[in-house]
Number of protein chains: 2
Amino acid sequence: MTEKQQNIFNAALELFSSEGVDATSTSKIAKRAGVSEGLIFRHFKNKEGLLQAILEEGLNKGEAYFREIASEENPKKRILSALQLPFSISPNEYPFWRLFYTLKWQRCNIETEGVMDFRTSLSDAFTQLKYTNPEAEARLVEAIIDGVATEILIKNLDPQPLLQCLLDKYKLK
Amino acid sequence: MTEKQQNIFNAALELFSSEGVDATSTSKIAKRAGVSEGLIFRHFKNKEGLLQAILEEGLNKGEAYFREIASEENPKKRILSALQLPFSISPNEYPFWRLFYTLKWQRCNIETEGVMDFRTSLSDAFTQLKYTNPEAEARLVEAIIDGVATEILIKNLDPQPLLQCLLDKYKLK
DNA sequence: TTATTGAGTGAGTAATCACTTACAAATGTA
DNA sequence: TACATTTGTAAGTGATTACTCACTCAATAA
């Protein structure tokens with residue numbers, strides 16, 4: 001990636017996540033990146049290609065987190081790590097995750113392989129711990145992760161107290 | 001509301017929620033509603049006014065649910081009703097709530113008076129039940145409601161098992 | 001030196017955007 | 001009946017959209 005290509009990438013990520021993809025014109029991106037509009041199309045083919053490049057980079061990082069948790073042997077620790085996930089998002093990753101959660105609602109919902117493995121590994125953990133409905137428990141944890149992540153990404157309050165409450169409910173203190 | 005005005009309202013709600021506000025042009029709305037484009041501006045002033053009309057109607061209904069729960073006297077029952085909330089969304093309200101959750105991420109996050117009362121009433125309930133951090137518990141319940149609602153609105157799986165798991169965690173069986 | 005190539009530009013393109021305007025049809029109301 | 005108001009339409013408006021094209025420039029290689 002050349003410097004200007006990176007500028008385009010960064011400008012697009014910021015604008016896509018704060019204003020939305022459809023409300024962000026290529027001319028706006030070019031201006032913010034300090035670049036001619038044509039360069040966007042040389043490097044990324046079209047607006048959709050630029051979005052895909054951003055998504056690919058972010059999802060690769062995300063997948064790594066999921067795989068790490070899924071590979072944890074101890075079932076209690078695995079569930080603990082899963083619940084901690086939204087609390088460990090670094091602020092410099094906020095723009096990507098805001099974009100990600102927005103896109104969930106339009107365009108296709110991105111169900112990556114890693115997320116599916118993650119879900120079954122959670123389900124297995126609940127099975128080992130003799131929960132009566134492990135699949136539902138896994139879905140619930142996923143929903144809680146999404147809900148807490150949303151709270152963290154949208155409001156800017158200290159999220160830490162929420163984690164304490166959560167660990168109570170799963171007896172993971 | 002005349003019949004054609006209602007057609008515009010319905011067409012816009014469907015398109016806004018499925019494609020997104022910015023990706024929905026007024027000409028598309030007019031076509032879907034079987035109406036000339038100009039009529040949209042006669043009845044709703046502009047595209048933003050149309051969105052606001054949709055939001056106002058939906059939020060009024062939503063506020064009513066929140067107030068009903070907040071007025072429940074028994075603290076355990078109040079928390080129970082809150083957790084049941086996302087499971088009681090009627091499918092014909094799905095388009096509005098999909099639109100609502102999408103808009104959370106762009107445009108200003110709509111913090112209505114009713115939601116704030118709802119939050120403090122939850123906090124009060126947790127106080128009465130001697131939870132150590134009632135405010136955080138209330139925020140967590142809100143986050144869980146959002147997460148579960150998202151799961152219900154996006155995927156189309158039977159949500160009922162999730163409710164059972166949830167009630168376990170709050171000892172509300 | 002000369003040829004080739006990839007980065008970068010800026011002025012275009014047709015299509016679409018939200019919105020307006022002039023006017024016709026329908027509806028009430030005296 | 002006559003007239004005023006509301007409901008509705010069709011054909012526009014200028015601005016903006018994503019994208020293209022012809023071009024320059026700098027670096028590298030033969």
Side-chain angles (χ1 to χ4, degrees), chain A residues 1-58 95-96 98-100 102-103 105-108 110, chain B residues 1-58 95-96 98-100 102-103 105-108 110:
Chain A
M1 272 224 212
T2 65
E3 193 192 326
K4 299 211 168 183
Q5 189 172 7
Q6 191 67 55
N7 288 349
I8 293 169
F9 186 99
N10 295 338
L13 173 53
E14 283 165 28
L15 289 169
F16 283 169
S17 86
S18 64
E19 322 250 318
V21 173
D22 293 308
T24 301
S25 65
T26 49
S27 80
K28 247 193 244 171
I29 296 170
K31 247 173 223 161
R32 154 100 56 141
V35 133
S36 71
E37 200 178 344
L39 194 58
I40 293 173
F41 298 91
R42 172 160 311 271
H43 284 309
F44 299 96
K45 190 183 176 197
N46 53 31
K47 191 181 171 182
E48 184 64 26
L50 176 53
L51 174 61
Q52 290 305 324
I54 290 171
L55 244 39
E56 198 180 353
E57 203 220 52
F96 170 75
R98 281 194 254 258
L99 172 61
F100 173 81
T102 313
L103 290 179
W105 294 97
Q106 268 86 44
R107 325 212 172 219
C108 57
I110 317 127
Chain B
M1 272 223 212
T2 64
E3 191 193 326
K4 298 210 168 185
Q5 189 171 6
Q6 191 67 56
N7 288 349
I8 293 169
F9 186 100
N10 295 338
L13 173 53
E14 284 166 27
L15 289 169
F16 283 169
S17 87
S18 64
E19 322 250 316
V21 174
D22 292 309
T24 301
S25 66
T26 48
S27 79
K28 247 193 246 173
I29 297 170
K31 248 172 223 161
R32 155 100 55 142
V35 135
S36 72
E37 198 179 346
L39 195 60
I40 293 173
F41 298 91
R42 160 129 298 145
H43 283 309
F44 299 97
K45 191 182 176 197
N46 53 30
K47 191 181 171 182
E48 184 65 26
L50 176 52
L51 175 61
Q52 290 304 325
I54 290 171
L55 245 38
E56 198 180 353
E57 202 220 50
F96 170 75
R98 282 194 253 259
L99 171 61
F100 173 81
T102 312
L103 290 179
W105 293 97
Q106 267 86 45
R107 325 211 172 219
C108 56
I110 316 127

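Naming convention: chains lettered A, B, ... in sequence-line order (proteins, then strands); numbering from 1 in each chain.
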Whole Å only: how far is the [atom1] atom of [X] from the [atom2] atom of [N]?
X: B/I40; N: C/dA18; atom1: CD1; atom2: P; value: 9 Å
X: B/K28; N: C/dC19; atom1: NZ; atom2: P; value: 16 Å
X: A/K45; N: D/dC21; atom1: NZ; atom2: P; value: 14 Å
X: A/K47; N: D/dT17; atom1: NZ; atom2: C1'; value: 9 Å
X: B/L39; N: D/dA11; atom1: CG; atom2: C1'; value: 16 Å
X: B/E37; N: C/dT21; atom1: CD; atom2: C1'; value: 14 Å
X: A/F41; N: D/dC19; atom1: CZ; atom2: C1'; value: 5 Å
X: A/D22; N: D/dA18; atom1: CG; atom2: C1'; value: 12 Å

With sugar-phosphate meaning primed atoms plus P, OP1 and OP2, does B/Q5 contact a base, only sugar-phosphate, or nothing at under 4.0 Å between heavy atoms?
nothing

Describe the nucleic acid contact of B/T26 in one word from base, sugar-phosphate, nothing, applying a heavy-atom distance below 4.0 Å.
base

Look at the side-chain N and O atoms of [X] and state whether any lies under 4.0 Å from the OP1 or OP2 oxygen of [N].
X: A/S27; N: D/dT17; result: yes
X: B/S25; N: C/dC17; result: yes
X: A/H43; N: C/dG6; result: no

Just checking, is any N or O donor in the side chain of A/Q52 or A/E56 under 3.5 Å from an acceptor N or O on the other one?
no

Choose from [options] the nucleotide whose nearest atom is closest to any side-chain atom of [X].
X: B/T2; options: D/dA22, D/dG8, D/dC19; result: D/dG8
X: A/S36; options: C/dG10, D/dT9, D/dA22; result: C/dG10
X: B/V35; options: C/dC19, D/dC19, D/dT9; result: D/dT9

Any side-chain heavy-atom pair from [X] and [Y] closer than 4.5 angstrom?
X: A/F41; Y: A/T26; value: yes
X: A/F44; Y: A/L51; value: no
X: A/R107; Y: A/V21; value: yes

Pairing pattern in dot-bracket form [Watson-Crick, G-U; both distances under 3.5 Å; | = partner strand] for DNA chain C:
|||||||||||||||||||||||||||||.

B/L103, B/T102, B/T24, B/L99 screened by side chain to side chain contact (heavy atoms under 4.5 Å, CB included) with B/S17, the one that passes
B/L99

So if I apply the side chain to side chain contact (heavy atoms under 4.5 Å, CB included) rule between A/H43 and each of A/V35, A/T2, A/L50, which one comes out positive?
A/T2

The residue, B/E48 or A/E3, whose nearest nucleotide of DNA chain C is more 5′ is A/E3

Donor-acceptor pair, side chain of A/K4 and main chain of A/S36, under 3.5 angstrom
no

